[in-house]
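Encoded as structure tokens, the structure appears first; notes follow it.
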2 protein chains.
Amino acid sequence: MPATIKDIAERTGKSVTTVSRALHGYDDVSAQTKALVRQVAEELGYEPNRLAQRLQKQRSDTIGLILPTFGPRFSDPFFSEFLAGVGNRAARDGFDLLVSTQAPGPNELQAYRRKVQGRQVDGFIIVRTRRQDERIEYLRRAKAPFVAFGRTEGVLDFPFVDEDGVLGMRLVADHLVSLGGRHFAYLTPPQELMFAHYRLEGLRQGLLAHDIPLRPTDIIAGDLTQRGGFRDAGSLLDRAARPQAIVAGNDLMALGAMSAAQSRGLIVGQDIAITGFDDIPMAEHSHPPLTTLHQPIYEIGAMLVDMLLAIIAGRVPQPSQVLLEPRLVVRRSCGAA
Amino acid sequence: MPATIKDIAERTGKSVTTVSRALHGYDDVSAQTKALVRQVAEELGYEPNRLAQRLQKQRSDTIGLILPTFGPRFSDPFFSEFLAGVGNRAARDGFDLLVSTQAPGPNELQAYRRKVQGRQVDGFIIVRTRRQDERIEYLRRAKAPFVAFGRTEGVLDFPFVDEDGVLGMRLVADHLVSLGGRHFAYLTPPQELMFAHYRLEGLRQGLLAHDIPLRPTDIIAGDLTQRGGFRDAGSLLDRAARPQAIVAGNDLMALGAMSAAQSRGLIVGQDIAITGFDDIPMAEHSHPPLTTLHQPIYEIGAMLVDMLLAIIAGRVPQPSQVLLEPRLVVRRSCGAA
DNA sequence: CAACGTTTCCAAAACGTTTTGGAAACGTGT
DNA sequence: ACACGTTTCCAAAACGTTTTGGAAACGTTG
């Protein structure tokens with residue numbers, strides 16, 4: 001049975017009001033009383049009951065993050081680093097992080113609704129935005145504080161951090177073309193994800209600038225996993241007209257594609273070029289190391305928390321919309337180095 | 001301003017008591033009133049205020065998980081899958097998951113204390129147990145519900161799930177010796193981690209059974225990361241007497257070691273054998289695929305939640321101590337297949 | 001000495017919910 | 001008409017905290 005303010009009040013002979021105010025350092029409490037109260041609190045090992053504090057203050061000091069797990073499994077090095085960024089920054093400012101897992105679908109909105117209306121969280125971080133994102137529409141309607149990692153289609157009147165996928169993929173296209181590539185294939189993440197759209201668009205634009213079209217048959221829709229990349233790249237590689245380069249929409253798929261190429265006896269970076277997106281730690285140490293686009297995922301997490309806390313505090317985040325330029329990291333998988 | 005029970009009471013002309021009981025389906029409320037209350041609740045979009053519920057019930061319906069981030073960065077595919085297992089199972093039973101990040105150190109215990117005594121969580125899942133684990137000692141003293149992923153030294157009087165690291169590494173040793181290896185090196189995780197201890201001990205035992213000693217110079221202490229594995233394996237490989245096999249304490253270090261070997265022109269699985277531990281998704285699709293020990297990390301997470309919820313509910317978890325046998329997954333990195 | 005300002009304290013209300021311990025209303029059997 | 005059981009309802013207390021609006025005690029000033 002943990003000690004309460006009441007216990008301290010009894011032990012000190014003061015009222016709960018005075019104890020509360022003493023602990024918070026209000027100056028309508030004498031220095032002597034303050035010292036006494038603090039000493040007794042220490043003795044009793046007092047910790048304020050957060051549930052009571054929260055009910056009283058009508059604030060949960062908690063931010064919500066719902067991981068969009070596709071399927072029961074979910075293994076993404078990208079997210080663990082993102083989570084670290086979010087968690088560390090939130091902790092620094094005394095906020096808790098409520099993490100849920102919820103696949104997109106009919107129950108998804110309810111999960112958000114319950115947490116917002118049930119006052120479980122003061123705000124949300126939305127990840128993996130979709131082209132039409134009902135989560136964002138809901139939060140906007142409910143006037144609940146939120147920030148998004150990624151953009152959506154339509155009016156961008158909400159705070160977000162995103163990487164410029166179009167620019168990133170144009171860099172990739174330029175680089176691969178400069179190495180002599182003419183026939184490309186693209187492993188795209190699920191097309192309802194907004195970043196998938198940007199990345200495809202960027203690649204298309206980048207190639208078109210060199211008069212190289214990206215044909216529908218050269219685009220394969222994957223699922224962001226290594227296994228998926230392995231499978232889909234395999235089917236590409238088994239075609240009569242093998243592409244000279246496989247551009248993947250994220251690093252995991254790219255690593256899977258590398259594996260598929262290698263298991264067919266191809267030398268990656270020589271017989272075929274492969275690139276990714278994200279620059280997860282794995283990309284640096286794969287064999288060969290993966291050419292990819294770097295985004296500072298840890299910092300993005302931290303930045304989103306800063307923005308969200310500003311909104312929760314009733315301020316306007318500065319800046320409130322951030323578009324980061326991904327940096328092309330050229331490694332050996334594309335045959336350059 | 002979300003609707004409260006009071007609002008429903010006013011709209012229906014009933015008391016808050018009746019509304020509360022109607023919503024919970026108590027049978028001292030007439031069917032008619034129940035229907036009315038539910039309809040109005042629906043109309044108003046009523047969601048119970050969890051903060052109030054929690055204060056009243058003295059339960060937070062939340063379980064805590066503190067990720068031991070070493071350094072600011074933290075990228076571990078192992079944990080994201082573990083998190084999915086924990087999160088999904090907790091959500092199934094209506095529990096929230098409070099995730100924090102906290103490096104081991106002087107502030108660590110305070111983080112646990114605050115959440116336990118502040119009633120923020122009903123129980124904890126401890127991960128990456130250490131040989132002497134003050135977190136466990138504290139939670140035991142505080143009589144707070146907890147379960148651990150891993151064991152500790154001393155009396156094992158707490159509920160845990162762990163893999164049998166000794167057995168696992170003996171399997172590895174047997175296998176590598178059967179392939180003709182005589183000179184081994186081991187990349188160990190930080191030795192204060194209990195699983196590092198078991199794994200080293202298992203390897204030692206396994207080799208000793210074949211009269212092969214593991215000399216202190218053949219053991220290098222790493223940090224669980226791919227980068228660390230790359231660096232440490234590199235220093236091993238640059239020695240005059242190069243080991244025939246590098247056994248790594250986890251998959252990430254093993255992948256780093258593979259990269260180090262390959263960057264020195266060695267063919268992994270032929271010039272040198274490399275093995276890991278964990279069987280992360282990456283292991284299957286690395287090149288060559290990594291021989292490793294499989295542990296069902298998603299299920300472990302789910303199992304731990306089941307056990308913890310039992311304890312929170314005042315029951316005794318069945319079983320309360322689980323030791324899983326890791327399965328040796330032989331792939332090409334050790335030269336067998 | 002009265003009026004006033006300071007310092008220090010506290011009772012009570014409030015946050016939104018659940019539970020306790022009745023009580024009113026109604027029918028049923030005598 | 002009465003006693004009794006059922007059904008249906010509700011006022012009040014409680015969870016632990018913070019805040020509001022004083023009030024008491026004391027010193028200072030006119």
Side-chain angles (χ1 to χ4, degrees), chain A residues 1-38 40-41 44-62 94 96 114-122, chain B residues 1-38 40-41 44-62 94 96 114-122:
Chain A
M1 206 59 44
T4 70
I5 279 196
K6 210 177 186 178
D7 297 327
I8 302 179
E10 278 167 15
R11 277 273 277 262
T12 56
K14 305 292 177 184
S15 72
V16 293
T17 305
T18 301
V19 171
S20 171
R21 298 184 76 79
L23 290 173
H24 286 281
Y26 282 68
D27 57 6
D28 63 351
V29 179
S30 74
Q32 198 188 355
T33 306
K34 264 183 201 159
L36 174 64
V37 165
R38 289 202 170 123
V40 172
L44 298 180
Y46 171 74
E47 278 291 336
N49 184 321
R50 303 278 168 207
L51 302 182
Q53 279 185 327
R54 288 171 179 181
L55 174 60
Q56 155 65 30
K57 310 194 97 158
Q58 295 286 76
R59 296 229 343 215
S60 60
D61 286 340
T62 302
D96 285 332
R114 257 208 272 270
K115 299 209 186 321
V116 167
Q117 308 233 24
R119 292 285 190 247
Q120 287 185 73
V121 301
D122 292 333
Chain B
M1 208 59 45
T4 70
I5 279 197
K6 210 177 187 178
D7 297 327
I8 302 179
E10 279 167 15
R11 278 274 276 260
T12 56
K14 305 291 177 184
S15 72
V16 293
T17 306
T18 302
V19 171
S20 172
R21 298 184 75 78
L23 290 173
H24 286 282
Y26 283 70
D27 57 6
D28 63 352
V29 179
S30 74
Q32 199 188 353
T33 305
K34 262 182 202 160
L36 174 64
V37 165
R38 287 195 173 130
V40 172
L44 296 180
Y46 171 73
E47 278 292 335
N49 183 321
R50 303 278 167 206
L51 302 181
Q53 280 184 327
R54 288 172 178 178
L55 174 60
Q56 155 67 29
K57 310 193 98 157
Q58 295 286 79
R59 296 225 347 211
S60 60
D61 287 340
T62 301
D96 285 332
R114 257 208 270 271
K115 298 210 187 323
V116 167
Q117 307 231 25
R119 293 285 190 245
Q120 287 185 75
V121 302
D122 292 332

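First the proteins, then the strands, lettered A, B, ... as listed; each starts at 1. These figures come from a predicted structure and were not determined experimentally.
When atom types are taken as modelled, the side chain of B/Thr12 and the backbone of B/Ile8 share a donor-acceptor pair closer than 3.5 angstrom. At distances below 3.5 Å, at least one donor-acceptor pair connects side-chain atoms of A/Asp122 with backbone N or O atoms of A/Ser60.
Remark: P of C/dA13 and CG of A/Leu55 are 17 Å apart, rounded to the nearest angstrom. The nearest whole Å value for the distance from the CG atom in A/Leu51 to the P atom in D/dT18 is 13 Å. Between the P atom of D/dT20 and the NE2 atom of A/His24 lies a distance of 13 Å, rounded to the nearest Å. Atom C1' of nucleotide D/dG16 and atom CD of B/Gln117 are separated by 15 Å, given to the nearest angstrom. The nearest whole Å value for the distance from the NZ atom in B/Lys57 to the C1' atom in C/dC15 is 18 Å. In this entry the distance linking CD of A/Gln56 with C1' of C/dT17 reads 15 Å, nearest Å. Following rounding to the nearest Å, A/Leu44 (CG) and D/dG16 (C1') show an atom-to-atom distance of 15 Å. Taking atom CG on A/Leu36 and atom C1' on C/dT8, their separation rounds to 14 Å, with Å as the unit.
A distance of 6.0 Å separates CD of B/Glu47 from CZ of A/Arg114, quoted to the nearest 0.5 Å. Taking CG from A/Asp7 and CG from A/Leu44, the interatomic distance works out to 6.5 Å, rounded to the nearest 0.5 Å.
In this model, the phosphate group of D/dG16 is not approached by any side-chain N or O of A/Tyr46 to a distance below 4.0 Å at OP1 or OP2. When the side-chain nitrogen and oxygen atoms of A/Tyr26 are compared with OP1 and OP2 of D/dT18, none of them lie within a distance under 4.0 Å. Contact between the side-chain N/O atoms of A/Lys14 and the OP1/OP2 oxygens of C/dC10 is not found at any separation under 4.0 Å. Phosphate contact (OP1/OP2 of C/dC10, side-chain N/O of A/Thr18, threshold under 4.0 Å): present. Checking the phosphate oxygens (OP1, OP2) of D/dC9, a side-chain nitrogen or oxygen of B/Thr33 falls inside 4.0 Å. Applying the 4.0 Å criterion to OP1 and OP2 of C/dT18, one finds that B/Gln53 has a side-chain N or O inside that range. Listed pair B/Gln58 / D/dA14 fails the phosphate criterion, with no side-chain N or O lying under 4.0 Å from OP1 or OP2.
Here B/Ser30 lies in heavy-atom contact (under 4.0 Å) with sugar-phosphate atoms only. Nucleic acid contact for A/Thr4: sugar-phosphate only, since backbone atoms but no base atoms lie under 4.0 Å from a heavy atom of the residue. Across all strands, A/Arg21 comes closer than 4.0 Å to base atoms (heavy-atom distances). Within 4.0 Å of B/Asp28, counting heavy atoms only, lies at least one base atom of the nucleic acid. Here B/Gly13 lies in heavy-atom contact (under 4.0 Å) with sugar-phosphate atoms only. Counting non-hydrogen atoms under 4.0 angstrom, B/Arg119 reaches nothing in the nucleic acid.
One donor-acceptor pair, N or O on each side, does fall under 3.5 Å between the base of D/dA11 and the side chain of B/Thr17.
Between A/Val16 and A/Val29, the residue anchored nearer the 5' end of DNA chain C, judged by the nucleotide with its closest heavy atom, is A/Val29. Toward the 5' end of DNA chain D, the nearer of the two residues B/Ala52 and B/Asp27, judged by each one's closest nucleotide, is B/Asp27.
Looking only at side-chain heavy atoms (C-beta outward), B/Arg21 and B/Asp28 come within less than 4.5 Å of each other.
Comparing D/dT18, C/dT18, D/dG16 by their closest approach to the side chain of A/Ser20 singles out D/dT18.
From one end of the helix from C/dC1-D/dG30 to C/dT30-D/dA1 to the other, with five pairs defining each end axis, the axis direction shifts by 70° (rounded to 10°).
With sequence neighbours left out, B/Arg11 forms a salt bridge (charged side-chain N to carboxylate O under 4.0 Å, His left out) with B/Glu43. Partners of A/Arg54 according to the salt bridge (charged side-chain N to carboxylate O under 4.0 Å, His left out) rule, which considers only residues two or more places apart in sequence or in another chain, are A/Asp96.
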Practice task
Could you walk me through whether B/Leu23 and B/Tyr46 pass the side chain to side chain contact (heavy atoms under 4.5 Å, CB included) test, one step at a time?
Solution key: CA-CA 11 Å; B/Leu23 290 173; B/Tyr46 171 73; 3.6 Å; yes

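With no hydrogens or angles considered, no side-chain donor-acceptor pair links B/Ser20 and B/Thr17 at under 3.5 Å.
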